[in-house]
Trainee: 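Questions regarding the structure given below will be posed in turn.
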Amino acid sequence: MIGLEIHIQLDTQRKIFGTEGFAFGHAPNHQLSPVTISHPGALPFFNEQCLAFAIKLGLATQSHLNSPTYFARKNYFYPDSPKGYQISQAEKPICERGVLEIRHPDGTYQSVRITRIHLEEDAGKSIHDLSPQHSHIDLNRSGVGLLELVTEPELHSPEAAGSFVAEIRRLVRYLGICDGNMEQGSLRCDANVSVRKGADAPLGTRVEIKNINSISNVVKAITYERERQIDQLEKGAAIVQQTRLWNVDTGRTAPMREKETADDYRYFPEPDLLPLQFTQEDIDLHQKSLPELPLQRFKRYFVTYKLGENEAWALVEQRATSDYFESLIQLTQDPKSSGNWLLGEIKAYLNQQNIPIRDFPLKSEKIASLIELVKSGKLPHHLAKEQLFPAMLAQPEADPLSLAEEKQLLIESQAVELETAMQQIMQAFPDEVQRYQQGKKALQGFFVGQLMRQFKGKADPKEVNQVVQKSLKKSP
Ligand code: ADP
Ligand code: MG
């Protein structure tokens, strides 16, 4: 049994209650205001953008939205939490009872219930690996707005948990509320894991695993923990409810602390903030601005357009790529070719230049013209890839058709020229002509080769074959 707690760092200009912004990798303890470090008299000032982001995620997960919704103080002391409490939500969180559909690696779908999503502020960071004697504290991250999403314990395999995190990551990127970068900690996942003998057995004691910083580590950490718990139980030992840390280097989880019960936090209503209120009109406005969600797009690409599963995921993963694909198929009505160009030549170019798709110099209209030229039979595919595409990149504003003409890449109907040339070839190879006419039909390839060579490969192979066949039928 697996239940996930996912922390989603909100990509806002300023922190949730302070005036300062936050960017990963900044010099330590330089992104701090008096509010965040709780100087006497400093009062929190709620950032409305966080409310908008919460409503968007709530709508995208079909959650029940609570208005009014309240902030609460969660009291605990860690060195990375200078106030001695965290502003969070306890009762009546902004979102409750949501659901997110995921696709399992075996191709089945599951609607996973989301217990709640609440607003809170992030804590700072304790750093233990800079010095053997001391721990360091970087408070930059404290006060950054978070949404904490908690699922019901109804994921049943490490892979299912991985798929859920991947779906959430795509979702928050599509909504534009979080960059989804797990390595930098903008999206963090804690996994609660327990085991039991069968579907009818009571739930086992859960262990919470923290410090998981990628989707592949979600899968690895839960797999390890499942095996560890089964081993323990089979030895006759009990599972202790505790928090464990995932260690990437050893590939194991290790105990961090015995888990506090909720009572230890002494939650009480946050006295410095008013309840948050919003209306049905606010909700409707956000509902209208919701994009098509990533799993919906995946299904359209995979089921309706019949693209391969990996192709469909590759096109869906980043919203900017998917949006480019959308505008391309609008123009070409050809998902297959559009996908091939996007995941082939365009992606290779972006990788080589190390730029994101939004910096790709060619508008979708240009790529659509390129695809049309190939489909019309006027431009051989290899010339499109090797010559026209690079020429277009060098002159992004130019018209692909004019460029192709200028570079003489286009195949014109050359029936007349081909026939003349074929007559000369037949005169040069009378024996071959005779043998062909006596039944050695395999010689057709020889004549096609001769003719192609004369046109330096720039003739339409279909047309060449027709001319060869037609000419050889008649006697020279
Ligand atoms: P806490 O703050 O103590 O971590 P939360 O309510 O935030 O508690 O999170 C509880 C998480 O643990 C949820 O994701 C829930 O699905 C999961 N969970 C609860 N019971 C079990 C269990 N027996 N096995 C696995 N996961 C569980
Ligand atoms: Mg929790």
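Numbering of ligands and ligand atoms starts at 1, following listing order. One is the number of the first residue; the rest follow in order along the sequence.
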Trainee: Would T69 and Q89 count as having a side-chain donor-acceptor pair, cut-off 3.5 Å?
Mentor: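 Checked: T69/Q89 side chains pair up, N/O donor to acceptor below 3.5 Å.
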Trainee: Looking at F46 versus F71, is the centre-to-centre ring distance below 6.0 Å?
Mentor: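 Between F71 and F46, which both carry aromatic rings, the centre distance is below 6.0 Å.
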Trainee: Between T205 and ligand 1, is there a nitrogen or oxygen pair with a distance under 3.5 Å?
Mentor: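 No, T205 has no N/O under 3.5 Å of an N/O on ligand 1.
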Trainee: Distance under 4.0 Å to a non-hydrogen atom of E208: what atoms of ligand 1 satisfy this?
Mentor: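 Counting atoms of ligand 1 from 1, those under 4.0 Å from E208 are 4 (O).
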Trainee: State the atoms of ligand 1, each with its element, that fall below the 4.0 Å cut-off from a heavy-atom position in L203.
Mentor: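 So the atoms of ligand 1 that pass are 23 (N).
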Trainee: With a heavy-atom distance limit of 4.0 Å, tell me whether V150 approaches ligand 1 through its side chain, its backbone, both, or neither.
Mentor: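 The answer is the side chain.
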Trainee: Can you sort out which atoms of ligand 1 are near E152, meaning under 4.0 Å from one of its heavy atoms?
Mentor: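 Matching atoms, with element in brackets: 16 (O).
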Trainee: Please examine the side chains of W313 and Y301, heavy atoms only from C-beta on, and report whether any two atoms are closer than 4.5 Å.
Mentor: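 They are not in contact (no side-chain heavy atoms under 4.5 Å apart), so the answer is no.
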Trainee: What pairs meet the side-chain hydrogen bond (donor to acceptor under 3.5 Å, both in side chains) rule with one or both residues in residues 101-117, with sequence neighbours excluded?
Mentor: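 The answer is E101-K299, R103-Y109, R103-E309, H104-Q110, D106-T108, R113-E154, T115-E152, R116-H118.
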Trainee: Numbering the atoms of ligand 1 from 1, which are under 4.0 Å from a heavy atom of G204?
Mentor: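 Counting from 1, the qualifying ligand atoms are 23 (N).
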Trainee: Out of M1, R206, E148, who gets a non-hydrogen atom closest to atom 10 (C) of ligand 1?
Mentor: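 It is R206 whose heavy atom sits nearest to atom 10 (C) of ligand 1.
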Trainee: Do any nitrogen or oxygen atoms of V193 lie less than 3.5 angstrom from nitrogen or oxygen atoms of ligand 1?
Mentor: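 Among all N and O atoms of V193, none is under 3.5 Å from an N or O of ligand 1.
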Trainee: Is S364 close to Y324 at the side-chain level, that is, under 4.5 Å between some pair of heavy atoms?
Mentor: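 SC-SC contact between Y324 and S364 confirmed.
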Trainee: Could you tell me, atom by atom, which parts of ligand 1 come under 4.0 Å of a heavy atom of L4?
Mentor: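 Selected atoms, number and element: 14 (O).
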Trainee: So if I apply the salt bridge (Lys or Arg N to Asp or Glu O under 4.0 Å) rule between E292 and each of R170, R300, R319, which one comes out positive?
Mentor: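 When R170, R300, R319 are each tested with E292, the salt bridge (Lys or Arg N to Asp or Glu O under 4.0 Å) holds only for R300.
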Trainee: Can a cation-pi geometry be assigned to R73 and Y85, taking NZ or CZ under 6.0 Å from the six-membered ring centre and within 45° of the ring axis?
Mentor: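 Pair R73/Y85 counts as cation-pi.
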